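Here the structure is a predicted model, which means the values were calculated and not measured. Note that ligands are numbered from 1 as they come in the structure, with each ligand's atoms numbered from 1 the same way. Starting from 1, each residue takes its place in the sequence as its number.
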Amino acid sequence: MKTLVIYYSRTGITKKIGQAIASKIQADAEEIVDLKDRKGPWEYLKAGRDAMKRVPAQIAVVKNNPEYYDLVVIGTPVWAGNMACAIRTYISQNKDKIKKLALFCTMGGSGDQNTYAEMESLSGKTAVAKITIKTREAGKPETEARLDEFVKQLSL
Ligand SMILES: Cc1cc2nc3c(=O)[nH]c(=O)nc-3n(C[C@H](O)[C@H](O)[C@H](O)COP(=O)(O)O)c2cc1C
């Protein structure tokens with residue numbers, strides 16, 4: 001099954017998980033680039049507000065066409081209980097090209113369920129599998145085991 005892993009990451013946690021998933025299943029992977037600077041404390045506040053208000057971001061042109069894949073796995077950090085703005089844009093622009101969807105997110109502590117519900121509703125698809133990794137769990141051996149379980153579900 002040809003799989004594409006898509007992720008947005010502001011500080012590298014979601015990127016780390018996305019790359020781990022992609023390498024476990026030899027999938028292509030692509031990072032979505034938000035054209036807005038999201039670095040400083042003021043930008044942090046604005047990012048949370050934008051995510052909550054469902055404001056899409058402007059994103060850099062993507063390289064891989066999701067139409068050519070059987071499965072697209074999309075990952076986002078949870079922002080104010082929702083998906084990051086760049087992922088909102090990606091899903092809006094590509095939902096009709098996605099055949100089968102799986103989701104992952106990273107978060108400090110809560111908001112994953114609402115994030116998944118919004119991603120499924122926006123894409124018009126029910127995810128075949130989902131996994132949430134808390135920021136402090138990234139890179140731990142038990143997380144590796146959970147990621148192995150997640151990728152097994154992708155091929156069912
Ligand atoms: C603007 C903003 C809002 C956030 N809101 C939440 C939240 O609602 N719930 C939560 O558990 N973590 C929240 N976080 C923490 C991130 O989801 C978490 O640190 C994530 O792992 C960061 O991923 P990244 O390194 O890929 O950017 C927020 C982070 C940012 C920047």
Considering only NZ, NE, NH1 and NH2 on the basic side and carboxylate oxygens on the acidic side, decide whether K24 and E144 come within less than 4.0 Å. yes
Please check if the distance between the ring centroids of W79 and Y8 is under 6.0 Å. yes
So which protein heavy atom does atom 11 (O) of ligand 1 come closest to, and at what separation? G109 N, 2.6 Å
Is any N or O atom of A47, backbone or side chain, closer than 3.5 Å to an N or O atom of ligand 1? no
Got a salt bridge between E118 and R54, using NZ or NE/NH1/NH2 to carboxylate O under 4.0 Å? yes
Identify the residue among I91, I87, T106 that makes a side chain to side chain contact (heavy atoms under 4.5 Å, CB included) with T76. I87
Identity and distance of the protein heavy atom lying nearest atom 2 (C) of ligand 1: W79 CD1, 3.5 Å
Apply side-chain contact (heavy atoms from CB on, under 4.5 Å) to the pair K125 and M119, showing each step before the final yes or no. CA-CA 8 Å; K125 290 183 180 68; M119 292 170 92; over 6 Å; no
What is the nearest protein non-hydrogen atom to atom 18 (C) of ligand 1, stated with its residue, atom name and distance? T135 OG1, 3.4 Å
Whether R38 and D50 form a salt bridge (side-chain N of Lys/Arg under 4.0 Å from carboxylate O of Asp/Glu) is what I want to check. yes
Could you list the atoms of ligand 1 found under 4.0 angstrom from a heavy atom of T14? 23 (O), 24 (P), 26 (O)
Name the closest protein heavy atom to atom 21 (O) of ligand 1, giving the residue it belongs to and the distance to 0.1 Å. T106 OG1, 2.7 Å
Donor + acceptor pair across side chains of Y7, E30 (<3.5 Å): no
Proximity of S110 to ligand 1 by residue part, where a heavy atom lies under 4.0 Å: backbone
Pair E149 + K152: basic N to acidic O under 4.0 Å: yes
Minimum-distance protein heavy atom relative to atom 5 (N) of ligand 1: A80 N, 2.8 Å
Sidechain-backbone polar pair: T14 side chain, S9 backbone, donor-acceptor under 3.5 Å: no
T115: which of M107, K130, M83, E120 passes side chain to side chain contact (heavy atoms under 4.5 Å, CB included): M83
Just jot down the ligand 1 atoms closer than 4.0 angstrom to any heavy atom of G81, in number order. 7 (C), 8 (O)
Is there any N or O on Y8 that sits under 3.5 Å from an N or O of ligand 1? no
If you have a sec, work out which protein heavy atom is nearest atom 12 (N) of ligand 1 and how many Å separate them, to one decimal? G108 N, 3.1 Å
Is there a heavy atom in G111 that sits closer than 4.0 Å to ligand 1? no
Starting from atom 25 (O) of ligand 1, which protein heavy atom do you reach first, and at what distance in Å? T11 OG1, 2.4 Å
From the candidates D50, V78, N82, the one that places a heavy atom nearest atom 28 (C) of ligand 1: V78
Identify the closest protein heavy atom to atom 31 (C) of ligand 1: which residue and atom is it, and at what distance? Y44 CE1, 3.3 Å
